[in-house]
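Below you'll find the structure, written out as C-alpha cells, and then a few comments.
Computed from a predicted structure; not experimentally measured.
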Amino acid sequence: MNLKDTTLYKILIAVLVIVSSFALFSGVMEPDGALYASMSKNIIIFQDWFNLYGRGADWLDKPHLTFWIAAASFKLFGISAFAYKLPNFLFGLLGAWYLYKLAKDIYNKKTGLISAVIFLSALHIATSTFDVRAEIYITTFTLASIYHYYKAHQGSFWQIIAGSFFAACAILIKGIFVLIPVFAGFIIYWLFTKQYKQLWQPKWWIAIVLIFVFITPELYSLYTQFDLHPEKVVFDRTGVSGLKFFFWDSQFGRFFNNGPIKGKGDVSFFLHTTLWAFLPWSVLFYAGIVNLFKKKNRQNLAPESIIIWASAAVTFLIFSLSKFQLPHYILIIFPQFAIITALYLQKLETKGLKSFLVVQNVIYVLVVILLSALAYFYGFDNYVLAIAILAAIFIAAFLYFKGFKVETIVGRSVFLSIGLMIYLFVFFYPALLKYQSGSEAGVWLKKNYPSAKPAVLNYIDAFSFDFYAPGEVKYLWNYDDLNKYKNTKDLVLYVSEVELPKLKMEFNVKVLNSFEYFHISKLTPKFLNKKTRSQVLEHFYLVKVN
C-alpha cells in the first residue's frame, strides 16, 4: 500500500467524523431515544443510580449501563440533547478504532482503514448517531471484547481482563445474548482449525468468571429494585424477579416469544433490512458473502477470518430465527460486515470494479433524485439549499474520484454517505422534530414557565416531553390521580386533543399553548407531502390547572 492510499482513507474517515458530529446539535427523537434520555434524566433528578424509572413507574426492560452513561454525561454537561448524544458519538468512534485495529491485526493496515470507512459511512450507523438508542454502545463493546480476546488468543493473558470487561459492558447494555457474537466466532474457529484444547484452556474459563464479576452492579440493582419488592406491579403483575428477567425473559423469552415482551418473527426480516441499513455498501456486502462460499476465494485469507464470518453468521441466524425483531439489532454485526466488504472490494479486478462502479453510481443517482424530490414535496424551509448541497457533493464525487479503482468506489460511496448525513442532520430530522409535540411543548414550557410542575394526563408515550420539560414529570393515569394533584402550585398538564374537552368540563383550566403532532418514526406519504400534511396531524396542549 502506498502513502496515497493511506492518506485518502484517513481523510475520508476525518470528514465522516466531522459531518457525523452534526447530529449532536439537534433534538432527541421518540420513542426509544427520548424514553432513554428521560430515564437518564430521572437518575440525576432522583439522585438514584440503582433504580430505573420510566413513565413515572419502576422500569424493567434493558439493563442499566445505557442510562448510567447518559446520566454521567448529564452530570458533567447538564441535562440536554447534546449531553445525551455525545457519549454515543464518542463510543461510535471508539468502535471504528477497534474495527481498524482488529482488521489491521488479522489482515493489514489498508483493510483496517477501508473497514473503518465502510462502518462509519453505513446508513444505519449514521442514523443511530442522531436517533440514539443502545445499539452503538453494544456494537462497540462487543467488538472491543472480540479484539481483546483475539489478542488473548495470541498469548497475552492481561487481554483476558480487558475482553471480559467489555463483554460485561455489552451485557450491561443489552443482556446475556451478546455473548453469542463474542464467543461464537472463536469456538467455531477452534473447531474448524482443530484447536480443541482451546476449549479447555483455563484462561477462557477465567474470562467467563470475570464477566460475571463485572456484571455484579447490574445484578445488585435488579435484585434491590425488584426481587426484594415482589409487591411491585411490573408487566401488569406482581412477583416479578428482576434477575429472572435479566437472565431469561429479556433474552430467551423474546427469542421463544414466551416472555412478557412479544413480537412476530420473519426469517427474511434482516435480509431485506440489511439492504437499506448497510447502504451504500449492501450490494457489495452480499456479493462478498457469495464470494466467500467459493473455496478458492478463502484459501489466501488468514485462518482467523473464520472468527469474523462465524460471529456474523451465527448472530444473523439467531436474529432471523427470533420472534422479536427490530431493524437496529443488526448494527451489532456491522463491523464484521464492514471487514467482509473491505476484503471483497480489494479482490475485485477491472471487470468487477467496472460492474460495481455502475451499481454504486446507479444507487447514488437514485438516492439524490429521491432525496431532492422529498425535499421539495415535504417543503423544507431551505429545500433549495438542501438540493444544491446534494448536487454539489454528487458533482464533486464524480470529478475527484475517477477510473476503475477501489478508491473510486470507496470515495464516491463515502461522498454519498456524507451527502446523506448533511441532508438528514441539517434538514430532514430538524424538519420532522417540529411535529414531535412533546419536545416542542417541553422546550416552550422550560423557556416560558420554568417554575411549572409538569404532568402528563392519560397518555403513555410522552417521552420527549418528559425529557425536555423542567424537572420531574408526573404521570397521571386518570382523573382520580389528577384530583390528588390539582392543588399543586403551577401544575401544567400535557394533554391530547381527545382529552382536552373532558378536562375543560371537569376542571378550571387555561390553555397555554398548542402543538402539532405526528408519530415521526412512522412516516406516511400524506405526512411527507406538505399539501396533505394537515390531514394527518394531531394536536397536544399545555394546560394550566387553576
Side-chain angles (χ1 to χ4, degrees), residues 23 26-35 37-38 55 81 123-124 127-128 130-133 263-264 272-273 276-277 326-328 366-367 369-387 390 420 423-445 454 456-469 473 475 493-504 511-543:
S26 193
V28 176
M29 286 185 69
E30 292 179 341
D32 289 354
L35 171 62
S38 66
R55 308 179 208 182
L123 175 60
H124 214 345
T127 57
S128 295
F130 187 96
D131 186 13
V132 174
R133 295 184 177 94
K264 297 179 181 179
H272 53 75
T273 294
W276 65 263
L326 292 170
H328 46 267
L366 288 175
V367 169
I369 291 173
L370 288 172
L371 294 185
S372 298
L374 176 59
Y376 173 76
F377 283 105
Y378 187 94
F380 297 162
D381 291 339
N382 298 296
Y383 74 89
V384 175
L385 179 60
I387 295 171
L390 283 174
L420 261 171
Y423 182 90
L424 291 173
F425 301 160
V426 178
F427 299 99
F428 185 63
Y429 283 142
L432 289 186
L433 287 173
K434 293 178 181 178
Y435 298 96
Q436 185 172 273
S437 60
S439 54
E440 293 290 297
V443 169
W444 185 92
L445 190 64
V456 178
L457 178 63
N458 281 348
Y459 188 67
I460 196 171
D461 295 330
F463 308 134
S464 61
F465 179 73
D466 196 335
F467 176 64
Y468 280 97
V473 175
Y475 280 75
L493 302 177
Y494 176 71
V495 299
S496 67
E497 59 187 336
V498 175
E499 201 68 47
L500 187 60
K502 183 178 179 182
L503 181 63
K504 284 182 173 180
V511 176
L512 300 178
N513 207 346
S514 65
F515 305 88
E516 294 176 319
Y517 171 77
F518 187 83
H519 196 312
I520 58 174
S521 64
K522 295 182 178 179
L523 302 176
T524 63
K526 279 192 173 183
F527 173 77
L528 292 174
N529 187 341
K530 60 180 179 290
K531 294 181 179 179
T532 56
R533 187 173 304 135
S534 61
Q535 300 173 20
V536 294
L537 293 179
E538 300 174 48
H539 292 83
F540 278 78
Y541 299 86
L542 286 178
V543 178

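Contact between Met29 and Leu433 at its shortest, heavy atoms only, is CG-CD2, 3.8 Å. When all heavy atoms of Pro430 and Leu424 are compared, the pair lying nearest together is CD-O, 3.6 Å. Scanning both residues, Thr532 and Pro525, for their nearest heavy atoms gives OG1-O, 4.2 Å. Pairing each heavy atom of Phe463 with each of Pro31, the nearest pair is CD1-O, 3.4 Å. Nearest heavy-atom pair, Ala441 versus Leu542, reported as atom, atom and distance to 0.1 Å: O-CD1, 3.6 Å. The minimum heavy-atom distance linking Leu445 with Pro454 is given by the pair CD2-CB, 4.0 Å.
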Pairs under 3.5 angstrom only: tabulate donor-acceptor contacts from the side chains of residues 371-383 to other protein residues two or more places apart or in another chain.
{"unit_1": "Ser372", "atom_1": "OG", "unit_2": "Val368", "atom_2": "O", "d": "2.7"}
{"unit_1": "Tyr378", "atom_1": "OH", "unit_2": "Ala431", "atom_2": "O", "d": "3.2"}
{"unit_1": "Asp381", "atom_1": "OD2", "unit_2": "Lys434", "atom_2": "NZ", "d": "2.7"}

Got a list of side-chain donor-acceptor pairs under 3.5 Å for residues 511-520, not counting sequence neighbours?
{"unit_1": "His519", "atom_1": "ND1", "unit_2": "Ser521", "atom_2": "OG", "d": "2.9"}

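Note that OG of Ser26 is 10.0 Å distant from CZ of Phe425, once rounded to the nearest 0.5 Å. Remark: Thr524 OG1 to Asn529 CG distance equals 10.0 Å, nearest 0.5 Å.
Applying the side chain to side chain donor-acceptor pair (under 3.5 Å) rule to pairs touching residues 457-468 yields Glu30-Ser464, Asn458-Glu499, Asp466-Tyr475, sequence neighbours excluded.
Qualifying salt bridge (Lys or Arg N to Asp or Glu O under 4.0 Å) partners for Lys504, counting only residues two or more places apart in sequence or in other chains: none. Residues forming a side-chain hydrogen bond (donor to acceptor under 3.5 Å, both in side chains) with Ser496 (at least two apart in sequence, or on another chain): none. For Arg133, the salt bridge (Lys or Arg N to Asp or Glu O under 4.0 Å) partners two or more places apart in sequence, or in a different chain, are Asp32, Asp131.
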>> Between Val543 and Leu457, does the side-chain contact (heavy atoms from CB on, under 4.5 Å) criterion hold? Intermediate values first, please.
In response: CA-CA 10 Å; Val543 178; Leu457 178 63; over 6 Å; no

Exercise for review: Apply the test side-chain contact (heavy atoms from CB on, under 4.5 Å) to residues Leu432 and Phe527: give CA-CA distance (whole Å), side-chain angles for both, the deciding distance (0.1 Å), then the verdict.
Suggested key: CA-CA 10 Å; Leu432 289 186; Phe527 173 77; 3.6 Å; yes

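Using cut-offs of 30° and 60° on the angle between ring planes, the pair Phe427 and Tyr423 is tilted.
Ser38 contributes a side-chain N or O that, together with a main-chain N or O of Leu35, makes up a donor-acceptor pair within less than 3.5 Å.
The local environment of NZ in Lys530 is crowded, with over 12 non-hydrogen atoms from other residues, nucleotides or ligands closer than 6.0 Å.
Taking the six-membered ring for Trp and the full ring otherwise, the centers of Phe465 and Phe540 sit at least 6.0 Å from each other.
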